[in-house]
Structure formats: C-alpha cells, structure tokens
Undergrad: 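Here it is, the structure in full.
In what follows, chains carry the letters A, B, and so on, assigned in the order in which the sequence lines appear, proteins first and then strands, with residues in each chain numbered from 1.
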Amino acid sequence: MFASVPSAVVHGAEGHPVTVEVVITDGLPGFHLSGRPDESVRESRDRVRAAVVTSGLRWPSTRITVSLAPSQDRKTGSGLDLAIAVGVLAASEQVPRSSLDGLAFIGELGLDGSLRPVAGVAPMAGVLDDLDVVVAPGNAAEARVAAAGAVRLVDHLRELTGVLRSEAPWPLHEPPAVSEEPPRQPDLAEVRGQPLARQALEIAAAGAHHTLLVGPPGSGKTMLASRLPALLPPLRREQALEVTMVHSAAGVPLPTGGLVTRPPFRSPHHTCSNVALVGGGSHALRPGEVSLAHCGVLFLDEIAEFTPSALDSLRQSLESGRSHVRRVEVSADLPARFLLVAAMNPCPCGGGPPGTCECGEAQLNRYARRLSGPLLDRFDLRVTVQRPAVDDLLSSADGEPTALVAERVHRARQLAEERQGVLNSALAPHLLDEMAPLDAPAMALLRHEMEHQRLTGRGYHRVRRVARTIADLSGGPDGPPAVLGEADVALALRLRSGFAGVRRAGWAA
Amino acid sequence: MTATLPAEAYVAALAGFERMTSRRLHVLLAHHDPAEAFAMVAGVAPPVGLVAALLRSDPDLARHWRSEAQRRQPAGCWSECRQHGIDVVLRSDRRFPSPLLDDPAAPAALFARGDLDVLDARRVGIVGTRNATQRGRQTAARLGYELAAGGAVVVSGLARGIDGAAHRGVLAARADTPGAAPPVGVVGNGLDQPYPRRHAQLWDDVARHGALISEWPPGTQPDAYRFPLRNRILAALVEVLVVVESRERGGSLITARAAAERGIPVFAVPGSLDSPASAGTNLLLVDGAAPAVESADVLMALGLDGRRAGRARFDPRPLPRGRDAEVVAWCRERPQRLDEVAGRGAMSLSDAALVLARLERDGWLREAGGWFEAIDTWADLA
C-alpha cells in the first residue's frame, strides 16, 4: 500500500534529496501529487502512467497519492519520473518493496517506458549519500563522478522491474559513445604577429588579470581570446568537481570521462539576457554563463553591445567570485570565479591609426559611456590590438606555440602561489609593498603618470600587480627579481592605457 | 510696444523660422522694411509684391510661417540677442562685411559677437578635418600663430581638430606679439551655445579678441546641413584659404570648392601618402592648389611681409639620443605602435615601453589609442 523511494532535484548547482512517497488507497481512481510540484513535475503523471502501461505493467485503478518530501520546497524537472513510477509499482506490490532498499532513482520516462537522461545528475547523485543510484546510461559518466555508492544503468522500465523482481542481474550498459577526440584546442602558434596582444594573454593567464581587448574589426580579438583557456593549468580535483556540478546542472554536455578537467571557455552573445548571464529562470535556478565559466574564461565579445544592466549584474560576481540568485521563494548561491576577457572596437567606426576615425564627438561619447567606469576599472589589462601587418599575415613562420607559453605561465603561477598564496591579481593592497616593491626609477615613472592624471589610486595598485606578473614571467633561471624595475612598470602602464574613450570618460587608468 | 522695436528684432525673429533659407530671407527683406515683412508673413498685413508671390507659391509654407510667427515673437528674439551680446547686422548696416556684399550666395543678415571691423584687414582662412592627427593640429596651430603674427586675420570654423588648433595658435600669437591680427570664427549654429561644448572658452576668447559670425539667430542647433552653408560664408570672407588636413570626402573640401568658385587662392598642406587624414589635401594639390609649406608662402600671397612671422618657439625639451632619437624619427614618419617599435628596434616589449614612456614624459611623443605620434613645440596648442 505504501512505498518510499529516494530521489533528488537540483536548484542552482546544488542537489537536494527528495523522498517520493506513494500510497495507494481505496477510492475513486485518481492520481494526486503533492509537495509543491511545478508544471514539469505535474506532467510526469501522464508520462509515468503511459510508461507503466506500455511496459506491460498494471496501473492501479484506485486512488494514488504521491507526496514529494520535504514538501515545503518547490520541485522541478522530469528527473522524478522514475522514482514515482517505481513507487507506484512498489505500492501496488508489482515489485517487492524490500528490493528498493539502498537504491535511489533519477531519470525521465518516455511514453514507451524507456529511461532518458536528465540535466543535473552530478549534483543530485552527490547528495544521495551512499545509496546506489539508478540512472539512464546517458547520465552514467556524470553520476559516477559524484556518487558515493554504485551507479546502476537501466535503459527501460521493464528492464528495471526485472532486476527488482530478482529475475535478472543489473544490466551492463555501455554509456553512449561521445565523440572520441576532444575538440582540438586552438593554438597560439596560429596567431601571426601581434606580439603585444600575445604578451597580454600570457600575463592575463599567469596573473588571472581581467583583460579588455580593444581593436578594430578583424584585428583578431576573438582569435586571441579563444586561445587563452589553453594557457591555463588543468583544473585541480576540487575545482573540477565544482565545475562539473555546475555544467551538469545546466545540462551542458560533459567530456567523455564525466569530469570537466580543462578550464571552460564561455562566450555568450551580446543579446544574452541578464538571467542567462548570471543565472536564474524557473524554480530550478539554472546556472548562468558566469557560473558556467567558473574556473575558466568568460569572453564577452563586443562588450559595448551588452545591455548596461547585464554588465552591471556582472560586477557582483567579479567582486565576490559567486553569483547569488535570489527569488521570492528560492535562492541559489553559485560559484562564479572566472577570468573575464572582453573585446570591443575603439569607436563605432572601428578606428585605426590617428586621423582615420570618422566618428563625431557625440557618437564617441555615447560609445564610451556604454562601459561603466567601475566595470572598466576591473580590467587590469586594457590592450589595444591592431590589425596585423600584411607581412606577418603572409609569413609562414609560426608564432610561439601554446605549450611553450603555458609552461611559462605555470611557472609564474606557481611562483606567485608560493610567495603569497594567491595569484597576483588577488594580491591585497597592503601586501604590495612587501610582494611587489618598486625601485626608484619605477616609482618616479608611476609618480609622473599620477601627477599627469593618467593614473588613479586604484590604477596604481593594479599596475603594480600587473608589473609583478610581468616580472614573474620574465624571471631567469635564478627566479624573478624581487624588486620591480622601470621596464616592468612601463609595460604594465602601456597594457593599461586603453583607448580614447577611457580618457574621455575620466577613467584614467 | 511693437513700435519701439528696431528693425533688427524682426530680422532676428524671421531668420530663426523653420524652412527659412537665406534666399527666402533676401526676398522678404528686399523691398520691405523687416517689420512690414514680418507682419505680412504673420498674416497681420496683406502680403504684396515678391512676398505675396513667395507665400502664394507654397501655401503650406505660408501656413507654417504663420504659426512660426507666433512662436518667434520679435521682442523675445531681440531680448535673447541682447542678453547674449549678439548683434544683428543687416546688409544695409555699415558693419556688414564688404566681401559678402557682392557675393552671389551672401546671407541676408548676420549675427555677430565682437568687432566686425577686424575684417577690414588681410584675411586668411584655415580649415581642416575634425578628426585630425597630432601633426595636423600642430601644423594648424603653427600656421595660426605665424599668420596672425604676420598680420593676417585668421578666419576659421571653431570646430574640433584643425579649426580649434588654428585659433588657439592665433590667441597664443596675440598673447606673445602686440601687433598680431585678431581671430574671426564663422560657425554653423546659434552664437549662444558653443559647439563643440569643450570649445566654450575658445568661443569667448575669439569673440573678445576678434569676432564670431553666424548666419543663424541664438538657439539654432548645430544641424549637419548647416555646416556646408557656414563653409560658403567662410570661403567668401577670406582672401586665401589654407586646408591643413582633410579626408577624401571632407567638409573642408566643400570650403575649398566654394573658395575656388570665387577665385580665391587655395593652399593645401602636403601630407604623407599613407595618412588618410591627408588624402583630401593631397588631392587638392593634384588639382592645382598651392602647397603651403611655410607660413611665409601664404603671407606672400596676401601681400604681407613674412619676416615678422618667422620667430621660432623656444624648445626646452632635452634632445633624445641614440635609440631614443631613432624612435622619435620613426614616429615622425607615421604613428607607431608599441610592438612596431619593439620589432624595428629589436627590443623586448618592456624595453620598448620604457623608451616610449621616457620620450612621452620628455614631451617628444604623445600616445592616443595605442599609437605614438611625434609632437613638436606646438603640441600644447594643438
């Protein structure tokens, strides 16, 4: 008469255990679902009933009451289908109740009784303690990443009832083969010329400095940005788990092993809505692009075309490394620590050498105002990228390959972590004098910039952090210089000079 | 009360009508007193003669102007002019610039601040693009300075870029040389609202030292179509026109054409073939404009003595040496980027950044949008 089946739902990137309780009592035939199901859960009634019937099983013709506990939280998603079906079968004694001990069920049922993968299995499986999890073969990899117990794969309801009735052993399914070769990472060797932009990428990767690429169309901003993730070191185990949870919750295809081990690269289009950017949506609170880029690179191409409110909503994540999504009834706290890389044109006409711009003053001011000062201030590196020279484009000489640059980047990151425990971009201002001291000429150079109002107080700290990274990268065999020299600071200043709009908007550096 | 208003008040009101053109204003004022013309347009008096013909030819215009006459009351327009110190100068006025009197496309009336009598001297126009290079602006400032010091009244448009630099040069010459000629600005909007706004101080200075001229009454917006019209007045006012920098299809070429049509000699400052900002001026040279290499060439064309202008400005900058001097030379050729300099000098990016920072600090280079341009002693005015 009664059955209780463990399952789970996902909110944000967190799994929440749900117990599906089914009672079959006398009364008029009917199916009552309680426990605050949302539309997608309520629809499961029809799917479950059809699946049970087409699998050759009996649908009880009395009153069925299903409760999703804890009942105060909203439930969403089709992943509860399988648990409800199993509960009905157990309560109607078509499978022995004792066979459910130690098992949890996650999956969506097709009308023919087949079991389908759902999004968010990794965080769901992670909260089911040491229960064995039954999922569709398509969810195998992500379930295995997070589950503490065994992962059982079933691809049809009939197959499952056979196992539960002890008529057959657990079937051995091969998870569907995903494309074997991981997509080829673009390599820096393919970038012709652009020494300054290459250097900027290397610095951005080594110090985790947010970067704004400013250049005319066709100068290779997107090409450069897409080569940044390959410079970053692979994710550590705990990072990889965190990223996998988020990607699973959002239904992003995971790599073959189930675990995301490379830093992700996300490049939302500028028409992307605020919710898609920071997360939210239905009661499931789907992770946004900022969370999908966690531990990786968030690339905003044409950043000036994003709505001001979308860019403003980015700022919270940039500050705290997390994205808090709050709704009246539900809230989620998603990880969102990413390296922001943005690209824009210097002016509406695309710009170029001095004297080529055809924009009016009002037009330029409007364009410069699209990026708020506070956001602009977050970019440690503001690099102007120009179209490569024809000779560079036609030359057959490859640039330095990613592998070599990545090696330097790893060394610099290790140095920084050994020295101060964090990467250079996170260096606290009070530690700067200790970790990034300046020699006298370097100090004089910064003083001159500040006196001419080309560097603000905040910019001063940021330039020092970037100069620290430059010195770390250039270190010879006996390590980088402890004291920063004039040349490091000069390059750091040049990489933060930005473009005319920055000056006009009064955000010197 | 209307009886006490001067004729200028009615002209100020009429000139600001929508769909008013200088030709129509000529028609209105040709045979009638401004007060009479205004009454006819407002529908208070029966139109006669040419005015009647004009209003009859376009009933829509007549209707529109009747409502405009309600909007622009002569008393209000007049007090607005008085408040901003703007004079309304009719063709019958002694102060109306004589070069404009027999011009085929002359305005029917002018609005002016300052002293129009300064136009009685030799006059040279300096025009050019708004998006000028550093070099172009420096050249404009130097020409403005030297021509004014040489005794030529510099007429320009007070726009961003070349125009502004030329007038700053003139004002610097006025500060340095007692006999330097005053500046004259011809603009395309109302004299009450400086445009571009960052030139507000420059407008005031030009009005105080010389004169500001506009065809339109206070309150007129700087609409794009007014600038070519402004250019014809500028061209008609000068005896020699110098174009410093212009793109292939720039507004300054319109001024140059207007000058050529009036038989006014056009000079063009030669520029690099690589520089898009000099494409228009180089085309002018191809078309037979005289090259303006030295300000003395221009002064000579005006029949003035060039020797007074040749005073070099003191250059306090420490001379760059060795590789630094090379880098400055490259930037003089054409604007350079950091990675170009590093590549040409076989330096690391850091070392190149250091050289450039040093040269920028010493005042040899200026950076804009990632490009380094060589500057000279005129940069502070450019």
Undergrad: Give the member of B:Ala132, B:Gly161, B:Pro276 that has the highest number of heavy-atom pairs under 4.5 Å with chain A.
TA: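 Top count of heavy-atom pairs under 4.5 Å with chain A: B:Pro276.
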Undergrad: Please determine whether side-chain contact (heavy atoms from CB on, under 4.5 Å) holds for the pair B:Glu367 and A:Arg494, giving the CA-CA distance in whole Å, both sets of side-chain angles, and the decisive distance to 0.1 Å.
TA: CA-CA 10 Å; B:Glu367 185 256 359; A:Arg494 191 48 52 220; 3.6 Å; yes
Undergrad: Answer yes or no: does atom CZ of B:Arg323 have more than 12 heavy-atom neighbours from other residues, nucleotides or ligands under 6.0 Å?
TA: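 No, CZ of B:Arg323 has 12 or fewer neighbouring heavy atoms, counting only those of other groups under 6.0 Å.
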Undergrad: Quick check on B:Arg344: does its CZ atom have over 12 non-hydrogen neighbours (other residues, nucleotides or ligands) under 6.0 Å away?
TA: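 Counting neighbours around CZ of B:Arg344, more than 12 heavy atoms of other residues, nucleotides or ligands fall under 6.0 Å, so yes.
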Undergrad: Please classify the contact of B:Tyr195 with chain A as side chain, backbone, both or neither, using a heavy-atom distance under 4.5 Å.
TA: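 Looking at B:Tyr195, nothing touches chain A.
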Undergrad: With rounding to the nearest 0.5 angstrom, report the CG to CG distance, B:Asp351 to A:Leu491.
TA: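 Here the interatomic distance stands at 9.5 Å.
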Undergrad: Taking atom CG of B:Leu338 and atom OG1 of A:Thr384, what is their separation to the nearest 0.5 Å?
TA: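 So the gap between those two atoms works out to 8.5 Å.
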Undergrad: Please round to the nearest 0.5 Å and tell me the distance separating atom CD of A:Gln199 and atom CG of B:Leu349.
TA: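 So the gap between those two atoms works out to 5.5 Å.
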Undergrad: About how many Å separate CD of B:Glu360 and NE2 of A:His448, when rounded to the nearest 0.5 Å?
TA: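 Taking NE2 in A:His448 and CD in B:Glu360, the distance rounds to 8.0 Å.
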Undergrad: So which part of B:Arg130 gets closer than 4.5 Å to some heavy atom of chain A, the side chain, the backbone, both or neither?
TA: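 Neither part; nothing is under 4.5 Å.
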Undergrad: Are there more than 12 heavy atoms of other residues, nucleotides or ligands under 6.0 Å from atom CD of B:Glu248?
TA: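 No, CD of B:Glu248 has 12 or fewer neighbouring heavy atoms, counting only those of other groups under 6.0 Å.
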Undergrad: Tell me if the CZ atom of B:Arg361 is crowded by more than 12 foreign heavy atoms within 6.0 Å.
TA: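 Yes - once you tally the heavy atoms of other residues, nucleotides and ligands closer than 6.0 Å, there are more than 12.
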Undergrad: For B:Arg337 and A:Arg387, work out which heavy atoms get closest and say how close.
TA: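 Where B:Arg337 meets A:Arg387 most closely, the heavy atoms are NH1-O, 3.9 Å.
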Undergrad: Please find the pair of heavy atoms, one from B:Trp371 and one from A:Pro354, that lie closest to each other, and give the distance.
TA: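 So the two residues come closest at CG-CD, 3.5 Å.
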